[in-house]
Participant: 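Sharing a structure here in structure tokens format.
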Amino acid sequence: MVNPGLARIFTVRASSLVKNVTCVPKFYSSSPTFEFIKVEKTGEGNKVGLITLNRPKALNALCSKLMDELNDAVEQLDADEGVSAMVLTGSEKAFAAGADIKEMMNNNFSNNVKKHFLEHWNGLSEATKPTIAAVNGYALGGGCELAMMCDIIYAGDKAKFGQPEITIGTIPGAGGTQRLTRAVGKSKAMEIVLTGDQFDAQEALTRGLVSKVVPADQLLAEAVKLGDRIAKHSQVTVALAKEAVNKAYETTLQQGLDYEKKLFWATFATSDQKEGMKAFAEKRSPNFVNE
């Protein structure tokens with residue numbers, strides 16, 4: 001059972017991140033020295049944080065510095081009261097073609113343990129606000145794992161997914177065996193991980209890994225449009241809803257149902273629940289204040 005005070009804690013935590021939405025210039029970064037990513041605010045009212053992986057010569061291979069920069073950007077956007085959702089994308093050729101093999105090929109077991117190798121890659125999955133991966137081109141190995149850290153994946157029609165680690169003598173290490181299994185089921189995940197084969201956007205859609213496939217040149221616009229749709233809702237409620245869905249992967253059904261009920265009750269402590277239901281009764285659009 002969930003502690004009775006837990007719902008209120010989630011309400012306070014979520015509301016602290018989303019109150020007093022304001023518009024700011026489109027370019028966004030308190031760290032203008034980012035080398036491997038670009039960060040902007042876009043969409044209606046600049047409420048969507050857009051992070052673009054920008055290591056084109058390496059097909060956006062995920063090196064340690066890129067991941068450090070990505071974690072910094074996600075942390076900044078997650079704390080920004082003017083941002084309601086985030087979109088992560090790469091180039092049309094590659095979302096991210098994998099982890100940087102040259103950087104890690106000489107690692108050994110003891111150093112991996114001592115340095116907690118890859119543990120710092122989880123920043124994106126810990127974001128409070130909704131995250132959307134807009135995947136064009138290759139999303140292989142660490143790139144596929146990075147996309148799966150997001151809450152929603154949109155794919156361009158020429159996108160390619162896969163976990164090819166087995167072909168270079170290792171296994172996925174940033175969630176590939178875990179998140180992929182939860183998304184596509186044991187049998188398909190086994191096939192993907194044990195063969196290293198790639199699969200296309202349509203199969204990813206059929207298997208439930210992605211929620212939408214669109215023409216490559218429309219992908220980013222569609223992902224931002226989704227962010228805009230989410231931004232129209234109460235951001236306190238959005239945070240609670242995201243928390244509830246994520247809990248489904250970590251608990252038994254009954255524990256998840258109990259957890260969901262507490263968060264549902266918690267929404268009745270918010271001004272936005274009162275406004276939303278009043279607006280419904282009055283047949284008008286709600287004016288959410290994120291409180």
Side-chain angles (χ1 to χ4, degrees), residues 1-26 28 30 39-51 73-88 123-132 149-152 211 222-251 254-291:
M1 291 290 290
V2 176
N3 187 298
L6 187 58
R8 176 169 174 76
I9 292 173
F10 279 124
T11 302
V12 172
R13 186 183 71 180
S15 63
S16 69
L17 294 176
V18 295
K19 291 194 295 183
N20 303 323
V21 175
T22 57
C23 293
V24 299
K26 184 177 180 183
Y28 175 88
S30 64
V39 184
E40 301 172 87
K41 293 175 74 172
T42 188
E44 296 180 19
N46 287 337
K47 293 181 180 179
V48 177
L50 173 61
I51 304 173
V74 169
E75 185 176 352
Q76 290 176 29
L77 292 169
D78 210 31
D80 188 329
E81 295 175 350
V83 171
S84 299
M86 296 178 233
V87 172
L88 176 66
L124 183 63
S125 65
E126 296 170 357
T128 301
K129 295 173 183 176
T131 54
I132 304 159
M149 291 180 198
C150 293
D151 300 313
I152 300 168
S211 60
E222 286 296 313
V224 172
K225 189 183 300 182
L226 175 62
D228 283 334
R229 288 170 58 195
I230 293 171
K232 295 182 185 299
H233 301 304
S234 163
Q235 296 310 294
V236 174
T237 309
V238 165
L240 295 176
K242 172 175 172 170
E243 187 79 26
V245 172
N246 281 334
K247 189 60 65 175
Y249 287 94
E250 301 165 2
T251 61
Q254 190 56 55
Q255 288 171 328
L257 291 170
D258 292 340
Y259 195 89
E260 176 192 71
K261 191 76 69 181
K262 297 299 189 297
L263 295 187
F264 168 70
W265 291 343
T267 64
F268 286 76
T270 68
S271 298
D272 285 342
Q273 173 270 327
K274 300 295 184 290
E275 166 61 15
M277 293 190 178
K278 182 179 180 182
F280 178 85
E282 295 175 354
K283 298 182 179 181
R284 61 174 175 82
S285 298
N287 181 27
F288 294 126
V289 295
N290 301 319
E291 294 182 351

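In what follows, every heavy atom counts, from backbone to side chain, and hydrogens, waters and symmetry copies are set aside. FYI, the numbering just counts along the sequence from 1.
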Participant: Going through the distances and angles, do N246 and D151 end up as a side chain to side chain contact (heavy atoms under 4.5 Å, CB included)?
Facilitator: CA-CA 9 Å; N246 281 334; D151 300 313; 4.3 Å; yes

Participant: I need the minimum non-hydrogen distance between A73 and V39, along with the two atoms involved.
Facilitator: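 Scanning both residues, the minimum pair turns out to be CB-CG2, 3.8 Å.
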
Participant: Treating K41 as the side-chain partner and L50 as the backbone partner, does any N or O pair qualify as donor plus acceptor under 3.5 Å?
Facilitator: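 Answer holds: no.
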
Participant: If I compare all heavy atoms of F268 with all of F264, which pair ends up nearest, and what's the gap?
Facilitator: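 F268 and F264 have their closest heavy atoms at CD1-O, 3.3 Å.
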
Participant: To the nearest 0.5 Å, what is the distance between CD1 on I152 and OG1 on T131?
Facilitator: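 The CD1 atom of I152 sits 8.0 Å away from the OG1 atom of T131.
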
Participant: Looking only at heavy atoms, which two atoms of V74 and G123 are closest? And how far apart?
Facilitator: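 Reported closest heavy-atom pair: CG1-O, 4.0 Å.
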
Participant: Before you tell me yes or no, could you show the steps for Q76 and D80 under side-chain hydrogen bond (donor to acceptor under 3.5 Å, both in side chains), namely the whole-Å CA-CA distance, both residues' side-chain angles and the distance that decides it to 0.1 Å?
Facilitator: CA-CA 6 Å; Q76 290 176 29; D80 188 329; over 6 Å; no

Participant: Can you tell me how far apart NZ (K262) and NZ (K247) are? Round to the nearest 0.5 Å.
Facilitator: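 Taking NZ in K262 and NZ in K247, the distance rounds to 13.0 Å.
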
Participant: Please check if the side chain of Q235 supplies one atom and the backbone of H233 the other of a donor-acceptor pair under 3.5 Å.
Facilitator: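 Confirmed, Q235 side chain pairs with H233 backbone.
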
Participant: Could you tell me which non-hydrogen atom of G49 sits nearest to which non-hydrogen atom of V83, and how far apart they are?
Facilitator: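 Minimum heavy-atom separation between G49 and V83: N-CG1, 3.9 Å.
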
Participant: Is it the case that the side chain of D272 and the backbone of V289 share a donor-acceptor pair, with hydrogens and angles ignored and the cut-off at 3.5 Å?
Facilitator: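 Such a contact is found between D272 side chain and V289 backbone.
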
Participant: Going through the checks in order, is the side chain to side chain contact (heavy atoms under 4.5 Å, CB included) test met by D78 and M86?
Facilitator: CA-CA 8 Å; D78 210 31; M86 296 178 233; 3.7 Å; yes

Participant: Rounded to the nearest 0.5 Å, what separation is found between the CD atom of E260 and the CH2 atom of W265?
Facilitator: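 It is 11.5 Å, given to the nearest 0.5 Å.
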
Participant: Just by modelled atom types, is the G43 backbone N or O under 3.5 Å from a matching donor or acceptor in the D228 side chain?
Facilitator: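 No; zero donor-acceptor contacts below 3.5 Å.
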
Participant: Hey, is the main chain of V48 close enough, under 3.5 Å, to the side chain of T42 for a donor-acceptor pair?
Facilitator: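 Not confirmed, T42 side chain does not pair with V48 backbone.
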
Participant: To the nearest 0.5 Å, how far apart are OG1 in T128 and CD in E243?
Facilitator: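 Result: 8.0 Å between the selected atoms.
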
Participant: For K225, does the NZ atom have more than 12 heavy-atom neighbours from other residues, nucleotides or ligands under 6.0 Å away?
Facilitator: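 12 or below, so no.
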
Participant: When you measure from the side chain of K129 to the backbone N and O of L77, does any donor-acceptor pair fall under 3.5 Å?
Facilitator: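 Yes, the answer is positive, given that a donor and an acceptor are paired below the 3.5 Å cut-off.
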
Participant: Nearest 0.5 angstrom please: E291 CD to S271 OG, how far?
Facilitator: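 The distance works out to 5.5 Å.
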
Participant: Looking only at non-hydrogen atoms, find the nearest pair between A223 and V87 and report the distance.
Facilitator: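 Heavy atoms only, the tightest pair is O-CG2, 3.8 Å.
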
Participant: Once you round to the nearest 0.5 Å, how far does OG1 of T267 lie from CG of L240?
Facilitator: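 Rounded to the nearest 0.5 Å, the OG1-CG separation comes to 7.5 Å.
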
Participant: How close do A231 and S84 get, heavy atom to heavy atom, and via which atoms?
Facilitator: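 Looks like CB-CB, 3.5 Å.
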
Participant: Taking NZ, NE, NH1 and NH2 as the nitrogens, is one of them in K278 or E275 under 4.0 Å from a carboxylate oxygen of the other?
Facilitator: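 Result for this pair is no, no salt bridge flagged.
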
Participant: Can you sort out the partners of K261 under side-chain hydrogen bond (donor to acceptor under 3.5 Å, both in side chains), two or more places apart, ordered by chain and number?
Facilitator: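 None.
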
